[in-house]
Structures are given as structure tokens and as C-alpha cells.
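As C-alpha cells, the structure follows; a few thoughts come after it.
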Amino acid sequence: MKPTLVLGCLGLVAAACTTTNPGVEGTQSLRVELMTPADPGSPEQRLADSVRDVTVRVTALDEQGEVDAGLSREVDVFVQFLGGLTPQLGSAPLDHITLNEGVSGPATITLPEVFGPTYLWIEDGLDDPAMPAADDPATFATGTSPTLWFRDPFIEDIQRPADEGALAALSESPLQDKQVNVRGSRYGASGRLIITSTYAQGYTLSDVECQDAAGTPPCVAGDYDHVLVFSFSRPRDDAGGELVIGQAIDGFAGAVQEFNGLTEMGFPQTFVSGPPDVDLARLPPAVPVDTSWLSNPILFERNEAGLLELTDATICPLDDDYTTYKQWKVDIGNGCGDPINVITSGTVTDFDPATYVGQTLPSIIGTLRPVNIGSFNVWILFPRFSADLTLP
């Protein structure tokens with residue numbers, strides 16, 4: 001009898017706890033129809049950079065997949081590319097589209113600069129994020145447009161600020177927090193991605209234009225053609241091969257990050273096919289720095305992670321920066337109160353700056369890493385080997 005009683009009680013309890021809730025109603029999703037461009041492109045045929053206006057029609061769909069005529073309000077527009085929304089959720093949207101009785105008219109959205117597979121993200125979000133959600137009519141229904149295929153970014157797209165005169169021009173990448181895949185040069189067939197330096201935790205890379213499609217040197221780089229790839233350890237390609245100065249690579253991928261004003265590629269992959277293609281003659285010439293740069297810092301920003309050259313630089317007395325960070329300072333014409341910093345520790349180990357305090361070095365070459373925090377700007381050169389220092 002005991003088992004029968006237990007089963008009967010369980011059956012009663014189960015029956016008493018079963019409830020039937022009404023089904024969901026109202027807008028459940030947004031249908032986004034692409035009207036223009038008529039051809040959204042493809043992985044093999046990318047849209048031109050000039051394609052910036054996209055026209056869509058948005059329809060609110062209810063639980064039956066039918067038009068929800070009860071939704072008449074503005075919905076928010078974002079754009080998704082390179083692994084993230086622009087602007088980020090919680091920020092003011094890119095634009096709005098108005099629905100009347102569940103349907104919008106043709107709405108044209110002007111895209112920011114976008115790369116790779118891209119689509120519009122439409123959301124019926126909060127009118128006022130400060131308003132209690134219970135008092136806001138938002139349904140949080142979403143919808144996306146068909147994919148639009150734009151070209152992949154170049155190094156210049158990672159580095160060049162949207163406005164060189166903006167306060168954030170020295171400290172923010174236009175693709176900050178995006179996941180990028182750079183697989184070519186902005187110079188087309190005559191371009192190459194050339195490693196210009198290697199260090200214990202990364203390497204620098206320049207997008208250079210050579211003389212022809214064979215990559216014949218000499219090769220030159222332009223503004224914003226350089227980037228630091230932060231590999232956390234000795235840099236290697238995706239097959240485990242060690243990367244060396246002068247090597248051409250097929251491309252790289254990773255997350256665009258800013259560290260105190262220095263743009264870095266974090267958690268990277270480096271792509272190389274075939275045996276290493278190394279030619280030191282393809283290295284772009286170091287860009288000469290003069291005193292005027294110290295009063296026009298965007299000139300440094302244009303060459304971030306690139307090779308720079310200081311000529312007739314006088315080594316300043318060593319200070320706490322040398323004790324703490326191994327940074328020694330040089331006067332390039334504005335005195336030791338407005339210097340360029342240099343770090344040779346770990347790369348040019350046989351050079352002791354204390355021996356040359358007060359002396360003028362004919363040439364110092366190194367890759368540039370800045371520290372830009374608000375109005376605090378420090379410019380640091382990293383020589384790669386002994387030949388980068390011409391001693392008096």
C-alpha cells in the first residue's frame with residue numbers, strides 16, 4: 001500500500017503545480033528588407049568604399065509572423081561589423097527609423113566607415129535608459145538586414161584617426177575593440193607587409209609600396225602605415241615559425257586595443273604561406289624627426305610603430321625614468337626638458353648611455369611607441385640592434 005499512496009500524492013502535487021500561461025503576444029521580431037544597394041556584394045566581389053547610403057524597410061512581426069499594426073514608434077539603428085556594434089549598445093544609436101502601424105517607409109541610413117561583412121542591426125529599445133523598464137513600451141524586438149560585403153581593412157584604417165585635430169586623435173583607433181583581419185596591402189600588387197622589428201613580446205609591421213608586383217625594393221611607407229602586433233611572447237607565425245626583420249607576411253588578425261595611446265593588435269594570428277620571404281632591402285627608410293615635431297604631435301601619431309631617425313641628438317643626464325623604466329632622454333633641439341626618450345635595454349645590451357651623457361650621437365634609429373594620456377605625451381624610440389646607433 002505504501003508505494004501506491006506515494007505515487008498518488010506525487011500525482012496530486014504535480015497536478016496542483018501545473019499552470020497554463022497565455023502565449024506571448026505583440027511584436028516579436030523586426031523584418032529588415034534591403035532596398036538599396038540592389039547588389040549587397042559577396043566575399044568575392046566587395047562593395048566600393050563610396051557605398052555609404054543603405055535604404056531599408058522595417059516591418060514589426062507578431063507571434064504569428066504577421067504584421068503587428070500595434071507598433072507605432074521609432075526603432076534604433078546600429079551597424080554590426082568586425083565583431084561588434086557601432087555605436088555600442090547603451091550608447092546613442094546611429095539613427096532611428098519610424099514605424100507606423102508596424103511598417104516603415106523606405107529609410108536611408110548613412111553608414112560610418114565599415115569593413116568586411118556588415119549588416120544593420122535594428123532594435124526596438126528603451127526610449128529612455130533611465131526610465132524604469134516597466135514604464136517603457138519597448139519590446140526589445142530585433143532584426144538585421146542582409147549582409148553587405150565591404151573590403152577588409154588595411155593597417156592605415158586601423159591607425160588613421162577620423163579627425164587629426166580631435167582631442168582623441170593621439171589615443172584612440174577608429175577600429176578600437178574591433179576584430180580585424182588584414183590580409184593585404186593598400187598598395188595592391190606592388191604592396192607588401194614587412195616586419196620592421198621584433199621584440200620579446202611582439203613585432204612591428206609596415207605596409208610598404210615596392211617598385212613592382214614582384215616586390216622589388218626600394219619600398220616606401222606612408223602615414224599611418226605601421227602597427228605593433230603584441231604577441232605576449234617571442235613572435236611566431238600561425239605555423240610556429242619564428243618571425244624576423246625584413247620578412248614579408250600574408251597578413252594578421254586580432255583585436256584592436258589601445259594601451260596608453262599606443263594602438264596594439266592583441267591576441268594575434270600571423271599568416272605566412274611557403275618558406276620565409278625575407279629581404280632587408282624592403283624595409284622602409286626611417287623617417288627623420290626634427291624639433292618641430294615636439295610642438296605638432298600628430299606628426300608622431302602618423303608614424304606610430306614606424307621607424308624614425310634622430311640626428312645629432314645629445315644624451316641628457318640620466319634620471320629616475322632611467323632607473324625605473326630604462327628610458328634615457330635625448331635633446332633634439334628643445335633642451336632636456338622637452339626630450340625624446342630611448343630604450344635600448346634588451347635589444348642593444350652593449351650600449352651604456354651613462355658613458356655618453358652630454359655627447360651628441362650622429363644618428364639614432366628605432367621604432368616609435370608613444371604614451372599619450374590626455375595632455376601627457378611621451379615619445380619613445382626602441383632601437384633594434386647596435387647598427388641603429390651611430391656613436392660619436
Side-chain angles (χ1 to χ4, degrees), residues 30-59 74-99 103-125 142-169 172-188 191 207 222-225 227 251 253 255-256 258 263 298 301-302:
L30 302 175
R31 182 173 63 211
V32 184
E33 301 169 85
L34 181 65
M35 303 178 71
T36 62
D39 180 0
S42 69
E44 295 75 30
Q45 190 68 39
R46 304 300 178 103
L47 293 170
D49 288 355
S50 59
V51 177
R52 284 290 174 262
D53 288 342
V54 176
T55 302
V56 295
R57 178 182 286 115
V58 180
T59 304
E74 284 188 337
V75 292
D76 300 332
V77 180
F78 300 84
V79 60
Q80 166 87 14
F81 69 100
L82 299 182
L85 286 184
T86 297
Q88 294 181 351
L89 281 179
S91 305
L94 179 67
D95 209 335
H96 297 91
I97 295 175
T98 300
L99 276 65
V103 181
S104 78
T108 299
I109 305 299
T110 299
L111 299 178
E113 192 170 34
V114 294
F115 302 95
T118 298
Y119 53 86
L120 293 182
W121 173 288
I122 315 296
E123 178 174 288
D124 178 21
T142 60
T144 62
S145 72
T147 301
L148 299 157
W149 288 90
F150 291 89
R151 68 169 175 84
D152 293 323
F154 301 125
I155 289 176
E156 180 197 28
D157 299 311
I158 297 170
Q159 291 284 29
R160 182 182 292 276
D163 179 2
E164 287 191 330
L167 292 175
E172 292 183 7
S173 164
L175 297 182
Q176 190 165 324
D177 300 325
K178 296 289 188 180
Q179 298 286 330
V180 301
N181 187 358
V182 177
R183 299 304 289 263
S185 165
R186 71 178 174 118
Y187 300 108
D207 185 356
D223 293 344
Y224 301 108
D225 273 345
V227 72
V256 180
E258 286 285 336
T263 304
I298 197 65
E301 182 66 18
R302 292 172 182 170

Which heavy-atom pair separates [X] from [Y] by the least distance, and what is that distance?
X: L34; Y: P40; result: CD2-CB, 4.0 Å
X: L47; Y: D39; result: CD2-O, 3.4 Å
X: P161; Y: P174; result: CA-CD, 4.4 Å
X: A92; Y: P87; result: O-CG, 3.1 Å
X: A169; Y: I298; result: CB-CD1, 4.3 Å

State the [atom1]-[atom2] distance between [X] and [Y], to the nearest 0.5 angstrom.
X: E301; Y: Y224; atom1: CD; atom2: OH; answer: 6.0 Å
X: W121; Y: L30; atom1: CH2; atom2: CG; answer: 10.5 Å
X: F81; Y: L175; atom1: CZ; atom2: CG; answer: 6.0 Å
X: T144; Y: L120; atom1: OG1; atom2: CG; answer: 9.0 Å
X: I109; Y: H96; atom1: CD1; atom2: NE2; answer: 10.0 Å
X: F115; Y: R46; atom1: CZ; atom2: CZ; answer: 12.0 Å

Inset, instruction - Keeping the roles fixed (side chain from T59, backbone from R31), state whether a donor-acceptor pair exists under 3.5 Å. - result: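 No; judged by distance alone, with no hydrogens or angles, the pair does not exist.
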
Legend entry - Flag, side chain of S91 to backbone of L89, donor-acceptor distance under 3.5 Å: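 A pair under 3.5 Å: no.
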
Considering residues at least two apart in sequence or located in another chain, which fulfil the side-chain contact (heavy atoms from CB on, under 4.5 Å) criterion with [X]?
X: R57; result: E33, M35, V103, S104, P106
X: Q80; result: L85, Y119
X: A166; result: D163
X: T263; result: I158, Q159, S173, V256, E258, E304

Legend entry - Selection residues 114-124 - residue pairs positive for salt bridge (charged side-chain N to carboxylate O under 4.0 Å, His left out), sequence neighbours left out: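 Those involving residues 114-124 are R73-D124.
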
Legend entry - Sequence neighbours excluded, every pair satisfying salt bridge (charged side-chain N to carboxylate O under 4.0 Å, His left out) that has a member inside residues 74-95: none

Inset, instruction - Check each of L94, V79, T118, V114 against T86 using the side chain to side chain contact (heavy atoms under 4.5 Å, CB included) test, and report the only one that passes. - result: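 Of the listed residues L94, V79, T118, V114, the side chain to side chain contact (heavy atoms under 4.5 Å, CB included) partner of T86 is V79.
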
Using the test side chain to side chain donor-acceptor pair (under 3.5 Å), find all partners of [X] that sit at least two apart in sequence or belong to another chain.
X: S42; value: none
X: T98; value: none
X: D53; value: T110

Inset, instruction - Would you please test V56 and I97 for side-chain contact (heavy atoms from CB on, under 4.5 Å) and show each step? - result: CA-CA 9 Å; V56 295; I97 295 175; 3.8 Å; yes

Could you list the residues that satisfy salt bridge (Lys or Arg N to Asp or Glu O under 4.0 Å) with [X], not counting sequence neighbours?
X: E172; answer: none
X: D225; answer: R186
X: R151; answer: D49, D157

